[in-house]
Number of protein chains: 2
Amino acid sequence: MGVMEKIAVKPKTATKVAKVDKKTLPLDSILKMDCIEAMRSLPDACVDMVFADPPYNLQLGGDLQRPDGSQVDAVDDDWDKFDNFAAYDKFTQEWLAEARRILKPDGTLWVIGSYHNIFRVGATLQDQGFWILNDIIWRKSNPMPNFKGTRFTNAHETLIWAAKSDKARYTFHYRSMKTLNDELQMRSDWVIPICGGKERLKLNGTKAHPTQKPEALLYRILLACTNPGDVVLDPFFGTGTTGAVAKRLQRHWIGCERDSTYCKVAEERIEMALPLDESSLETMQSPKSQPRVAFGQLVENGYLRAGAQLTDKKRRFGAIVRADGSLVWNNKYGSIHKIGALVQNAPSCNGWMFWYYQTREGELKVIDELRQNYLLANEP
Amino acid sequence: MGVMEKIAVKPKTATKVAKVDKKTLPLDSILKMDCIEAMRSLPDACVDMVFADPPYNLQLGGDLQRPDGSQVDAVDDDWDKFDNFAAYDKFTQEWLAEARRILKPDGTLWVIGSYHNIFRVGATLQDQGFWILNDIIWRKSNPMPNFKGTRFTNAHETLIWAAKSDKARYTFHYRSMKTLNDELQMRSDWVIPICGGKERLKLNGTKAHPTQKPEALLYRILLACTNPGDVVLDPFFGTGTTGAVAKRLQRHWIGCERDSTYCKVAEERIEMALPLDESSLETMQSPKSQPRVAFGQLVENGYLRAGAQLTDKKRRFGAIVRADGSLVWNNKYGSIHKIGALVQNAPSCNGWMFWYYQTREGELKVIDELRQNYLLANEP
DNA sequence: CATTACGTTGAATCTGGGA
DNA sequence: GTCCCAGATTCAACGTAAT
C-alpha cells in the first residue's frame with residue numbers, strides 16, 4: 001500500500017513541454033464556433049487532454065461542415081454510403097489533425113463512438129500517428145432493448161485512449177484506478193448506467209441533448225489521465241459534461257460548440273457545478289511519486305547495521321550489508337536490486353521487496369517495511 | 001413463450017441464392033494453403049458464414065516480465081508480423097474481398113480482433129460494402145493483468161458481425177439467444193473465460209497454438225447465426241475451434257490453414273469431436289422460423305368464431321374478428337398486428353401478444369395461447 | 001480422501017528519471 | 001538523443017504437491 005499524498009501537477013510538464021501561457025488560453029469557457037475553426041485559434045501543444053464525442057450519424061449532414069461553413073458533402077436522400085464514408089473520414093481527419101496539433105507531447109486523446117463510426121475514427125487516428133493505449137468498453141447497465149429482436153442488444157459504446165506517439169509519457173494514475181476498483185486493476189470494461197434521472201438535462205420537459213454522456217464516465221477518465229490544473233479540451237462540447245466534471249475535479253476545460261442552445265445549457269450547468277474540496281481530491285498515489293529513499297540512508301540512520309545478514313523469504317540466499325548500503329554475496333558487490341537479481345539469475349529485481357531481515361524475535365520481515373518506517377518518521 | 005421445435009434449414013436459402021452443389025465443395029476439410037489462394041478456389045456465393053480470426057499485428061516491444069520475474073510467453077510468430085499499417089491493410093482488403101465473394105447474399109461475416117487491428121478491419125469491411133450488424137465484446141473473465149501498471153487491464157476482445165449489405169436477410173435466432181440468456185435479450189457483451197484447462201490443446205506439454213479461441217465463443221456465434229447443414233468457412237483455421245464446434249452443432253465447415261502442425265492438431269481434434277444428438281440441438285426458435293400460423297387459420301378451424309370480440313389486456317380497446325381473420329375497429333380493417341398498432345397509435349405491434357379473448361368462464365387470455373394450442377394439435 | 005498451498009500461465013503494442 | 005540503473009509491478013483458473 002502506498003501513502004496518502006496530495007496530487008501535484010507533475011513537475012515534468014513544466015520542464016519538458018513548450019511553455020504555454022495559460023493566461024492566453026480561453027480557459028473554462030466555450031468557443032461558440034465550429035470545432036476545427038476553434039482549435040485553429042489555439043497555439044500548438046497547449047492542452048493536456050482532448051476528449052471527443054464526435055457525431056456519427058452519417059445522414060446528419062449538418063454536422064459535417066467545413067470551417068468556412070460549406071457543406072462537406074451533399075447529403076440528400078440519394079446519399080451513397082461510400083461517398084458518405086469518404087466525407088465522414090475527411091471530417092474525422094480534419095478535427096483529429098487539429099486535436100493532435102494542440103495536444104502537448106505527453107497529452108492524450110479520448111474518443112467515444114459506436115460501431116457506426118468508431119472503426120473509421122480508430123483507423124484514422126492510427127494513420128495520423130496516435131498510439132492507442134487502450135480501447136475501453138462502456139457497458140451500459142440499462143441499455144435500450146432491441147425492440148425488433150433482429151440483432152443483439154447494443155449494450156455498449158467504445159472509447160479509444162491514445163497518446164501522441166508510442167514514446168509519449170502519458171499520465172495514468174494506476175493506483176487511483178486500482179483503489180477505485182476495490183484493489184483490483186481497473187479493467188478495460190466499465191459498467192456505468194446511461195445518463196438519466198436528475199442528471200439528464202431537460203428543456204421544456206424533453207431531453208436537451210440526444211446523447212448526453214454520464215458524468216461518471218468523464219469522472220473516471222479525468223481522474224485517471226489528468227492532474228488538477230490540467231487543461232482538457234472537448235471539441236464536441238454539447239451540454240458540457242466534460243466541463244462540469246472538469247470543474248468538479250479542479251481541471252481547466254475548453255469547449256467547442258456551435259449550437260447556441262447547447263452552449264446556454266452547458267454554461268448554466270457548469271455554473272452550478274461545485275468544485276470538490278481539495279481534500280476530497282487527494283487520491284492514492286503511486287509509490288513512484290513518493291520521495292526516494294536510498295537503502296544506504298537506512299544503514300546511515302541505524303535502521304539496519306552494517307554487517308547484518310539479509311535473506312530472501314525462503315532463506316535460500318544470504319547477503320551481508322556493508323556500511324555504504326551495498327550488499328555482498330559470493331564475493332560480488334552491488335545494490336540491493338542488483339544483488340537480488342544476481343542471486344536469482346533474473347534480469348531485474350526490486351530489492352525492497354526481495355530481501356528480508358531478521359528481527360530480535362527471530363521473525364523475518366521485508367526490508368520495505370524499514371523504508372516505510374523511515375518515511376513516516378521523516379515526513380515533512 | 002414459444003414452442004420447442006427442431007431447427008430446419010431456412011427454406012428461403014433454397015430458393016433465393018444461386019444453387020451451389022455442396023458435393024463440389026471441400027466440406028468438412030482443411031485447405032492446406034494460404035487462405036486467399038484457398039478461397040479463390042471456391043465458387044461465388046457458396047458459404048453461409050465466414051468466421052475469421054486474422055493476425056492482430058500486435059507490434060510487441062521487448063520482453064515482458066511479471067512482478068515475480070518470470071517471462072511472459074509472447075505472440076512472436078511470423079504470421080503476426082507486418083511491415084506497417086499499409087501492408088496490414090492490403091492483406092485485410094485481400095482476404096475480406098475473397099470472403100465477400102464466396103459468401104452467399106444472405107450470409108454473414110464474423111471477425112475477431114483487438115485494438116491493434118480491429119479498427120482497420122472494421123473500416124475496411126465497411127469500405128467493401130459490408131453492413132455491420134453488431135460489434136460484440138468478448139469480456140474475458142480471466143484476462144492477463146497489466147503487469148507494469150501502465151494502462152487499464154486489456155480485458156476484452158472485439159468481434160464484428162456483418163452482413164453483405166443492408167438489404168440482406170441474415171440468419172439470427174433471437175429466441176435461442178434469449179433462452180440462452182435466461183429470458184433476457186442477449187446483449188452485445190459476452191462474458192466468456194479464455195481458453196484453458198482441458199480444452200487448451202497442448203503439444204509436448206506446451207500450447208499448440210498461441211491464440212486458441214474458446215469453443216464457447218464459437219458455439220454462441222454458430223448457434224445464433226447459422227442453421228444445421230449450413231457451411232461455415234474459417235480462413236485462419238489454426239487448431240480448428242471453428243471446425244470442432246461446427247461439427248458438434250451439425251454445421252459443415254471449411255478451414256484454411258498453411259501451417260502443417262496446426263492442420264494436424266486440428267484434424268485430430270475435430271475427429272474426436274462428437275456431434276450433438278439431434279434432440280440436443282432442438283432450441284428455442286424465433287417465431288419467424290416457426291411454421292406461420294395465420295390468424296385466419298384459427299378462425300377457420302373454430303379456435304375463435306367470427307364475430308368474437310378481442311380486447312387488450314386492460315380492456316381499453318375492443319375489436320371484432322371477421323371471417324377472413326381480419327379485425328375491425330372504428331370502421332378500420334386489418335390484421336391483428338396492424339389494428340393492434342393502430343389502436344395504440346404505435347408504429348408496430350405483435351398482435352399475438354396484444355390481443356386477448358374472453359373464455360366461457362369470463363377469463364381474459366392472450367390469443368397467442370390459441371396459436372400454441374393449434375401448433376401442438378397440428379405438429380407433424 | 002479432503003483441503004490447503006504453491007506454482008504456472010494467458011493475443012501485452014507494459015518504466016522513468018537523471019546524467 | 002543515449003545510457004544507466006533504481007525500483008515498481010499481477011488476476012483468475014488450473015494443475016500438482018503437501019498437509
Side-chain angles (χ1 to χ4, degrees), chain A residues 2 10-12 15-16 106 126 130-135 162-163 165-170 172 174-175 178 181-188 286-290 292-296 313-314 325 334-338 340-341 347-355 367-368 371, chain B residues 53-77 79-80 82 112-118 138 140-158 193-200 202 205-207 209-214 238:
Chain A
K10 51 181 180 182
K12 63 173 173 171
T15 56
K16 287 193 61 188
D106 291 335
Q126 283 182 316
F130 281 102
W131 188 249
I132 298 181
L133 299 167
N134 277 116
D135 58 337
S165 81
D166 57 340
K167 308 293 182 209
R169 304 210 164 159
Y170 53 88
F172 178 57
Y174 173 77
R175 173 52 58 185
K178 190 167 174 177
N181 195 39
D182 199 19
E183 287 308 309
L184 289 178
Q185 289 190 334
M186 186 68 80
R187 297 166 42 113
S188 56
S286 160
K288 279 174 193 163
S289 60
Q290 289 181 25
R292 288 200 180 196
V293 179
F295 182 67
K313 194 176 186 180
K314 298 190 173 170
S335 70
I336 52 173
H337 313 294
K338 198 167 172 182
S348 70
C349 167
N350 179 351
W352 291 110
M353 306 307 294
F354 178 76
W355 292 110
I367 61 171
D368 192 55
R371 177 170 59 158
Chain B
D53 181 12
Y56 288 7
N57 188 23
L58 283 185
Q59 308 174 63
L60 300 178
D63 291 342
L64 178 63
Q65 262 112 238
R66 302 167 199 271
D68 66 5
S70 66
Q71 185 90 8
V72 173
D73 183 16
V75 177
D76 53 2
D77 306 69
W79 49 253
D80 198 44
F82 294 86
I112 183 168
S114 66
Y115 67 82
H116 310 85
N117 71 324
I118 198 65
W138 168 26
K140 303 179 183 182
S141 53
N142 49 350
M144 191 186 301
N146 181 294
F147 295 115
K148 301 297 186 191
T150 55
R151 304 181 181 186
F152 299 98
T153 304
N154 195 4
H156 73 275
E157 293 188 22
T158 302
I194 58 177
C195 181
K198 282 178 296 181
E199 189 186 327
R200 188 84 194 203
K202 300 280 175 79
T206 58
K207 55 190 177 191
H209 192 283
T211 69
Q212 187 184 337
K213 295 293 175 289

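Naming convention: chains lettered A, B, ... in sequence-line order (proteins, then strands); numbering from 1 in each chain. Note that this is a predicted model, so its numbers are computed, not measured.
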Phosphate contact ([N] OP1 or OP2) by [X] side-chain N/O below 4.0 Å:
| X | N | answer |
| --- | --- | --- |
| B:Lys140 | D:dA12 | no |
| A:Tyr170 | C:dC14 | no |
| A:Arg169 | C:dG17 | yes |
| B:Asn146 | C:dA12 | no |
| A:His337 | D:dG7 | yes |
| A:Arg371 | D:dA8 | yes |
| B:Lys207 | D:dC14 | no |

Can you figure out which of [options] approaches the side chain of [X] most closely?
| X | options | value |
| --- | --- | --- |
| B:Lys148 | D:dG7, C:dC14, C:dA12 | C:dC14 |
| B:Thr211 | C:dA11, C:dT13, D:dA8 | C:dA11 |
| A:Trp131 | C:dT13, C:dA12, D:dT10 | C:dT13 |

Syn/anti state for C:dT13 [syn: chi within 90° of 0]:
syn

Roughly how far, to the nearest 0.5 Å, is the CG atom of B:Leu60 from the NE2 atom of B:His116?
6.5 Å

The reported gap from CD1 in B:Ile112 to NZ in B:Lys213 (rounded to nearest 0.5 angstrom) is 5.0 Å

Under 4.0 angstrom, heavy atoms only, what part of the nucleic acid is [X] near: base, sugar-phosphate, or nothing?
| X | result |
| --- | --- |
| B:Lys213 | base |
| B:Pro143 | base |
| A:Ser335 | sugar-phosphate |

Sticking with atom P, work out how far C:dG18 lies from C:dC14, rounded to a whole angstrom.
23 Å

Rounded to whole angstrom, note down the C1' distance from C:dG10 over to D:dG7.
26 Å

Reading DNA chain C from 5' onward, which residue's closest nucleotide shows up sooner: B:Lys202 or A:Ala168?
B:Lys202

When the nearest nucleotide of DNA chain C is assigned to A:Leu133 and to B:Gly205 on a heavy-atom basis, which residue is associated with the more 5' position?
B:Gly205

With the side chain counted from C-beta on, respond yes when B:Pro210 and B:Trp79 share a heavy-atom pair under 4.5 Å apart, and no when they do not.
yes

Which nucleotides of DNA chain C pair, in dot-bracket form (Watson-Crick or G-U under 3.5 Å, | meaning another strand)
.|||||||||....|||||

To the nearest angstrom, how far is B:Phe147 atom CZ from D:dA12 atom C1'?
11 Å

